[in-house]
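Side-chain atoms are counted along with the backbone in the values below, which use heavy atoms only and exclude waters and symmetry mates.
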Amino acid sequence: MLRGWKKMTAVSFVLVPLLLNNGLVHAADTAGGSVNVRLKVGQESVTINGAASTIEKPYVVGGTTMIPLSIITNAFGATLQWDNQTQTIELTAGEKTISLKAGDKNAKLNGQPIVLSVAPELKNGKTMVPVTLVTQFLGANVSENKQTGEVTITGASTQGTAASNSSLDSDHGKTKVGDSYYGWSMKYPTELILGYQSYKGNYASFHDSKETFWLNVQVYEDQPENLSNDGLVKFLAENQYGMILSKEYVEKDGLSYARVVSRDEEDYMAESRAYRKGDKVYEITLSVSNEADFNNPAKYKGYKDMLDSFTAHFDKQDKSIKDLSNVENGYRWFDYKDFGLKIKVPAVWEKVGGDSGAAFSNDDGDQWMQLSVTSATENDKLDDWVAKHERMYREMYAESALDVDKNATTTTIAGVTARERNYGTFDGENKYQERHIFFIKGKYKFHLQLAFNKTADPAKTLEMINTISRSLSIDEQKMNQSLGFIQDDILLDKNKMATIKDSKYKYAIDIPEYWQEDVVDSRSLIGKSYLFEGGAFTLFVFKDSYSEVEKSFTSIFKMQTSGSEKTSLVENKPVTVHGESGRKFVIKGEEEGIRYERTAYLFPKGKYSYYISWSIRDAYSTAATKERMEKVLNSFKVIE
């Protein structure tokens with residue numbers, strides 16, 4: 001988790017498209033539907049095909065009515081893209097594309113320059129555009145009554161029959177913002193825009209429409225409940241980037257918090273505050289791009305007003321608070337947008353593997369969920385897919401470490417037939433219950449894996465499995481149109497080799513393509529290291545004479561195993577390796593309760609001595625894995 005404000009500010013710029021239509025829902029479902037929009041200058045109500053919604057109030061600039069961009073994107077179904085580099089909004093409707101910028105009358109329609117009657121502009125964090133744009137871009141008819149301010153827009157949706165959403169503008173009427181799950185709230189000025197929010201919601205970044213300041217809120221959990229005032233100041237100061245100009249604990253005007261003011265190498269000024277409540281620490285950071293603004297008493301008064309409004313409390317009865325939390329009854333909705341998929345995830349689970357993908361785990365790592373999506377072909381059958389997955393598991397796990405339900409059961413997921421298969425697995429340390437759900441919908445295969453430590457309460461585990469799996473839904477109409485063919489990794493040949501050559505140290509060796517290269521973290525070691533399920537492979541090169549290297553390794557292995565009941569050197573003998581006299585070591589041991597076997601070969605060849613070794617947990621020690629290791633060893637050769 002990133003700590004501190006400077007690490008995250010760049011993210012908010014990338015996500016401007018989200019804030020342009022923050023909280024909006026597409027109103028079109030069936031291609032070619034007619035749309036009738038009625039609105040009035042100065043009023044926040046709008047009707048779309050007779051259904052009422054709320055929007056940012058339309059207004060008039062130089063005789064032209066300005067309307068929210070959401071009318072075009074949601075009522076008429078146009079899609080929006082944001083180019084962060086050029087700060088350009090791009091709208092697409094059917095075969096038409098228009099590019100425009102806030103503050104600029106010049107636009108491009110299908111690549112050809114056009115001039116808008118009024119430049120788009122930001123109003124209370126919403127993008128407002130001239131109503132004439134719907135005619136230029138969509139070909140819709142606009143009828144205006146200049147005396148009453150009433151405007152009627154009629155046309156055809158690019159995506160379908162419009163159906164209004166009662167919350168076209170989710171910020172309407174909200175004067176505060178907060179998170180009911182983490183328990184905080186603060187003032188929500190009209191210029192404040194949510195630019196980024198982490199999956200768990202423990203980090204949120206806001207900025208003003210002109211990006212002159214940023215406000216970040218981060219919640220740290222599981223902190224000491226008896227943290228002193230000085231300890232809180234120390235905690236806050238350690239999170240800052242740049243020169244600390246002041247740090248103190250403040251108790252004034254009924255507020256108490258740690259406060260740090262800093263300036264970074266780009267001369268951004270930042271005021272950070274930390275509040276503690278129970279085992280949580282709330283860090284709020286205001287950063288300002290212009291130091292003069294920060295030191296301007298009038299401007300700083302506005303900044304201070306925002307910071308002073310923060311409270312480690314959320315009043316669920318206060319309807320003026322915009323709630324950023326998406327937690328419901330202990331579960332958080334995850335929206336896998338590219339695949340039109342939604343699923344519930346336990347709120348306390350973390351998202352792992354970065355922003356892309358759908359993998360989650362609890363803090364202990366003994367409960368997890370992974371959702372994978374691959375392309376389906378005409379020949380794919382559910383039962384064949386389940387059988388392939390079983391074969392993969394049997395090749396991965398030793399027989400003693402794997403239990404497989406005799407038969408797959410049939411269920412329904414996301415409106416289609418699915419197969420469920422239960423596995424019992426042992427990773428060498430813990431035993432797990434795994435539920436695998438396989439189904440095919442449209443062009444794609446979906447595989448949901450849920451795993452729980454077998455020590456967990458069976459009833460609670462079953463309840464969680466059912467809640468997660470039953471919540472899964474897929475809307476094929478919302479799938480990303482850029483999706484292409486996605487290969488199924490289960491079909492990959494794990495024996496397919498790639499040749500690694502090192503011209504400096506004169507060797508080549510074949511390794512399985514699916515192995516993941518690891519970092520050799522010692523400058524004194526020359527070579528390669530790779531990871532695979534339940535094991536690791538290493539190849540090191542030594543410039544010292546073979547006799548010295550052999551003596552060193554013999555001494556090291558004997559020292560590691562002497563006097564240990566859990567680790568023993570079961571083999572230490574001379575062997576011939578690639579035509580050279582070398583030595584083989586085999587160690588059977590236990591590390592942190594996990595049983596493993598390490599096999600190592602040491603031999604000279606040409607100018608260097610080589611060390612080839614692999615360690616495999618007993619739970620993953622299969623015939624297929626051992627054969628693969630021997631194949632790698634035998635592929636080694638010296639190159640000139």
Side-chain angles (χ1 to χ4, degrees), residues 1-9 12 174-189 192 194-198 200-207 213-242 244-263 268-288 294 300-318 320-325 327 347-348:
M1 181 182 299
L2 294 175
R3 301 174 69 178
W5 64 276
K6 196 60 180 175
K7 286 284 187 180
M8 296 298 291
T9 50
S12 62
K174 305 298 185 182
T175 59
K176 302 175 186 176
V177 66
D179 190 298
S180 59
Y181 181 72
Y182 288 105
W184 65 267
S185 59
M186 60 179 292
K187 285 184 179 180
Y188 193 29
L192 202 62
L194 176 64
Y196 174 80
Q197 185 179 14
S198 64
K200 282 195 71 176
N202 54 355
Y203 182 92
S205 177
F206 306 84
H207 61 81
F213 72 83
W214 293 262
L215 184 71
N216 300 337
V217 179
Q218 184 154 1
V219 184
Y220 298 98
E221 300 178 272
D222 301 321
Q223 301 299 314
E225 295 192 26
N226 62 343
L227 193 65
S228 69
N229 294 348
D230 290 342
L232 190 63
V233 173
K234 179 176 180 292
F235 174 92
L236 184 61
E238 288 177 346
N239 284 350
Q240 304 312 305
Y241 296 84
I244 291 179
L245 303 178
S246 68
K247 61 178 181 178
E248 61 183 330
Y249 191 82
V250 176
E251 291 183 282
K252 186 178 180 181
D253 300 330
L255 299 174
S256 58
Y257 51 86
R259 179 178 183 267
V260 172
V261 175
S262 62
R263 183 181 65 239
Y268 279 66
M269 292 293 296
E271 177 173 338
S272 297
R273 297 183 180 185
Y275 302 77
R276 60 181 179 272
K277 183 177 182 181
D279 67 345
K280 295 183 177 66
V281 171
Y282 301 83
E283 181 181 332
I284 303 90
T285 298
L286 172 82
S287 58
V288 182
F294 186 84
Y300 180 76
K301 184 177 183 300
Y303 300 148
K304 185 177 183 297
D305 184 53
M306 278 192 297
L307 293 170
D308 286 348
S309 72
F310 181 88
T311 177
H313 174 71
F314 187 99
D315 183 358
K316 293 184 178 181
Q317 304 303 315
D318 189 345
S320 69
I321 304 178
K322 176 182 174 64
D323 191 358
L324 300 180
S325 174
V327 176
V348 296

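- Ring pair His207/Trp214 is tilted by interplanar angle, where 30° to 60° counts as tilted.
- Counting only distance, with no hydrogens or angles, the side chain of Ser198 and the backbone of Tyr203 share a donor-acceptor pair below 3.5 Å.
- Take Asp305 and apply the salt bridge (charged side-chain N to carboxylate O under 4.0 Å, His left out) test, not counting sequence neighbours, and it matches Lys187.
- Between Met186 and Leu215, the closest side-chain pair of non-hydrogen atoms falls below 4.5 Å.
- Using a 4.5 Å heavy-atom threshold, the side chains of Thr175 and Tyr188 count as separate.
- Distance alone, capped at 3.5 Å, places no donor-acceptor pair between the Thr285 side chain and the Ser272 backbone.
- Considering every non-hydrogen atom in both Leu232 and Tyr249, the closest pair reads CD2-CE1, 4.0 Å.
- Taking CZ of Phe235 as the reference point, atom OG of Ser228 lies at 13.0 Å (rounded to 0.5 Å).
- Heavy-atom minimum distance, Asp179 versus Gly201: OD2-O, 3.8 Å.
- Taken to the nearest 0.5 Å, the CZ atom of Phe213 stands 4.0 Å off from the CE atom of Met306.
- Among residues two or more places apart in sequence or in another chain, the side-chain contact (heavy atoms from CB on, under 4.5 Å) test is passed with Lys304 by Arg273, Tyr300, Asp308.
- Under the 3.5 Å distance criterion, the side-chain polar atoms of Arg276 are matched with a main-chain donor or acceptor of Leu227.
- Every residue two or more places apart in sequence or in another chain that forms a side-chain hydrogen bond (donor to acceptor under 3.5 Å, both in side chains) with Lys234 is listed here: Glu238.
- What you find for Val260 and Ile244 is that their closest heavy atoms are CG1-CG2, 4.0 Å.
- Distance check, rounded to the nearest 0.5 Å: CD1 of Ile284 to CZ of Phe310 gives 3.5 Å.
- Here Glu271 contributes atom CD and Ser262 contributes atom OG; the two are 10.0 Å apart, rounded to the nearest 0.5 Å.
- Ala258 approaches Leu236 most closely through the heavy-atom pair O-CD2, 3.5 Å.
- In this structure a side-chain-to-backbone donor-acceptor pair under 3.5 Å is present from Gln197 to Leu324.
- The side-chain hydrogen bond (donor to acceptor under 3.5 Å, both in side chains) search around Asp323 returns Ser180, not counting sequence neighbours.
- With sequence neighbours left out, Lys277 forms a salt bridge (charged side-chain N to carboxylate O under 4.0 Å, His left out) with no residue at all.
- Residues satisfying the salt bridge (charged side-chain N to carboxylate O under 4.0 Å, His left out) criterion with Lys200, sequence neighbours excluded, are Glu221, Glu350.
- Every residue meeting the side-chain contact (heavy atoms from CB on, under 4.5 Å) condition with Val250, not counting sequence neighbours, appears here in chain and number order: Glu248, Lys252, Tyr257, Arg259.
- Separation of atoms CD (Gln317) and CZ (Phe314) is listed at 10.0 Å; rounding is to 0.5 Å.
- Contact between Ser205 and Asn216 at its shortest, heavy atoms only, is OG-OD1, 2.8 Å.
- Under the rule for a side-chain hydrogen bond (donor to acceptor under 3.5 Å, both in side chains), Lys280 has no partner lying at least two apart in sequence or in another chain.
- Within the structure, no pair that satisfies the salt bridge (Lys or Arg N to Asp or Glu O under 4.0 Å) test touches residues 223-232, not counting sequence neighbours.
- The closest donor-acceptor contact from the side chain of Tyr275 to the backbone of Leu255 lies at 3.5 Å or more, if one exists at all.
- Listed by chain and residue number, Tyr181, Ser325, Arg332, Ala347 satisfy the side-chain contact (heavy atoms from CB on, under 4.5 Å) test with Val327 (two or more places apart in sequence, or in another chain).
- If you take CZ on Arg263 and CG on Leu245, they are separated by 5.5 Å, rounding to the nearest 0.5 Å.
- In this structure, Thr311 has no side-chain hydrogen bond (donor to acceptor under 3.5 Å, both in side chains) partners at least two apart in sequence or on a different chain.
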